[in-house]
Novice: 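What follows is a single structure, and I will ask about it in a moment.
Please read all numbers here as calculations on a predicted model, not as lab measurements. All ligand and atom numbering here is 1-based and tracks the order in the structure.
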Amino acid sequence: MDARKLGTTDVEVSAIGLGCWQFSQGKGMTGRMWSVLDQGTMDAIVDAALTGGVSWFDTAQAYGNGASERALSTALQHRGVEPGTVVVATKWLPIAKPARDIARTIGTRIACLQPYPIDLFQVHMPGSLSSIPAQMREMAALVRAGKVRAVGVSNFSAKQMAQAAAALRDEGLTLASNQVRINLLDRRVESNGVLAAAQGLGVTLIAYSPLAQGILTGRYHDDPALARALPWSRRSRLSPSSRFLTPEGLARTAPLIAELRAVGEAHGASLAQVALAWLVTRYGNTVVAIPGASRPEQAAATAAAMDLLLTEAEIAHIDTVSAAVARR
Ligand SMILES: NC(=O)c1ccc[n+]([C@@H]2O[C@H](COP(=O)([O-])OP(=O)(O)OC[C@H]3O[C@@H](n4cnc5c(N)ncnc54)[C@H](OP(=O)(O)O)[C@@H]3O)[C@@H](O)[C@H]2O)c1
C-alpha cells in the first residue's frame, strides 16, 4: 500500500501507523485503560511495527504525562532508528488551558521525544480556554520556529476543522489532519460532516480506535467472559466501545464479525487485518489508521494489513453489513 501525505503538507506516512496510548505505563488520567508494559515489550512492539513497514507513531502528552513519548523515543533508540527517518506525531492536552500553554509545553514534548523531532503536533481535543484561531496562531509560531513540522487537530467537528484550517491559512499554513474515531462500528464521520470537510479542505483523517479497542478482532464474540474481565475503564459507559461489549451489543454485531471472518478466511488474514484493510481503502487516501498494540505479534499483524488487498465487492459487502450495526 502506498505512502500517503498528511493533508497537503510534505509529511508522508504509511497507511497504517502505530498508536502509542498503550505505552502510558499506567500513568496519568487515561493510563489505566491498558496494562502496564515493560520497556522490552514496547521495544519489541516498535520493532515489529517498523519491520512490517510502519513509518510513523502517534503519542500524546496525555498518555502518562510524557511516559508514552519517552518510551517511544527509547524504543526507537534501542532499534537504532536515525532521527528524521520515521514520522512522530504527538498532541497537546488543551483541557482548561489557554493557548499560550502550547508554547509552555513544547519544550517538554521535545525533551520527552528527543532525539526524534516532532513531525505533527496536534490539539488533542476541543476544550481549551482560548479560541481555535488563538490556538492555531500558537501552533503556527512553533512551525515558524522549526519546533514542529505540521499542525493537526483531534476530535474536532467539521465546523471546528474549518475554523482551524482558516486560521492556519491566515498564517500561511495548512491543517494537516484531524484525528477522530473511525472503525466498522463507528462511522459517524460519514454523516456528521467531518469526512466531507476533510475531503473539501484536503485534510487527512487519522482513524483512532480502528479496531474498536479490540472488539473487531472477534475475541469478545468468541469468549464473552473476556469482555466481563476487562478493566472498568474499558467497560464503563464512558468508553465509546462499551455499548458493544454487553451481551446485547455482542449479539447485534455478530453478523459483522462473521463477515470479517469469512473474508479473512478467503485471504488467509485475521479479522483485525480485514477491518484495517477496509478502513484504509474504503475512504481512499483521506483516511490513515493508527491501531495500538500491547504485544509485538499484534503490531506485526496490523502492519501486515497493509499487504491485504480486498476486492471492491468485499469492501462493498463489509460496508453493508457494518452499516446495519455501526454508530452512524
Ligand atoms: N485522539 C484521541 O482522542 C484518541 C483516542 C483513542 C485512541 N487514540 C490513538 O489511537 C490509537 C489506537 O486506538 P485504541 O488504542 O483506542 O484502539 P484500537 O487500536 O482499536 O485497539 C487497540 C487494541 O486492540 C487489540 N489489538 C490490536 N491489534 C491486535 C491484533 N492484531 N490482534 C488482536 N488484538 C489486537 C489490543 O488489545 P489488548 O491490549 O486488550 O490486547 C490493542 O491494545 C491509540 O494508541 C492512540 O494513539 C487517540
Novice: Out of Y208, W21, F23, indicate the one that has the non-hydrogen atom closest to atom 2 (C) of ligand 1.
Specialist: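 Going through Y208, W21, F23 one by one, Y208 has the nearest heavy atom to atom 2 (C) of ligand 1.
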Novice: Nearest protein heavy-atom contact for atom 3 (O) of ligand 1: which residue, which atom, what distance?
Specialist: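 Ranking protein heavy atoms by distance from atom 3 (O) of ligand 1, first comes N155 ND2, 2.9 Å.
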Novice: Output all residues satisfying ring pair (Phe, Tyr, Trp, His ring centres under 6.0 Å) with H124, sequence neighbours left out; order by chain, then residue number.
Specialist: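 H124 satisfies ring pair (Phe, Tyr, Trp, His ring centres under 6.0 Å) with Y63 once adjacent residues are dropped.
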Novice: Are any of the heavy atoms in R219 under 4.0 Å away from ligand 1?
Specialist: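 Yes, R219 has heavy atoms under 4.0 Å from ligand 1.
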Novice: At less than 4.0 angstrom from any non-hydrogen atom of G214, what atoms of ligand 1 do you find?
Specialist: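 The atoms of ligand 1 under 4.0 Å from a heavy atom of G214 are 21 (O), 24 (O).
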Novice: Looking only at protein heavy atoms, which one is nearest to atom 15 (O) of ligand 1, and how far off is it?
Specialist: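 Nearest protein contact, heavy atoms only, for atom 15 (O) of ligand 1 is Q22 NE2, 2.8 Å.
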Novice: Please could you name the atoms of ligand 1 that S154 approaches to less than 4.0 Å, counting only its heavy atoms?
Specialist: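 Per the distance check, 1 (N), 2 (C).
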Novice: Looking only at protein heavy atoms, identify the closest one to atom 33 (C) of ligand 1 and say how far it is in Å.
Specialist: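 The protein heavy atom lying closest is T217 CG2, 3.4 Å.
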Novice: Side chains of Q122 and D58: donor-acceptor distance under 3.5 Å anywhere?
Specialist: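 Q122 vs D58: donor-acceptor pair found between side chains.
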Novice: Can you figure out which of A305, A304, G292 has its heavy atom closest to atom 23 (C) of ligand 1?
Specialist: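 The nearest heavy atom belongs to G292.
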Novice: Do any heavy atoms of Q273 fall under 4.0 Å from ligand 1?
Specialist: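 No, Q273 has no heavy atoms under 4.0 Å from ligand 1.
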Novice: For atom 31 (N) of ligand 1, state which one of E297, Q298, R234, M33 supplies the nearest heavy atom.
Specialist: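 Ranked by closest heavy atom to atom 31 (N) of ligand 1, first place is Q298.
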Novice: How far apart are the C-alpha atoms of E82 and T85, what are their side-chain angles, what is the distance that settles it, and do they pass the side-chain hydrogen bond (donor to acceptor under 3.5 Å, both in side chains) test?
Specialist: CA-CA 6 Å; E82 288 293 324; T85 61; over 6 Å; no
Novice: Just to be sure I'm reading this right: ignoring hydrogens, which of G17, A293, S209, A301 gets closest to atom 18 (P) of ligand 1? Compare them by their nearest heavy atoms.
Specialist: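 Checking each option, the heavy atom nearest atom 18 (P) of ligand 1 is found in S209.
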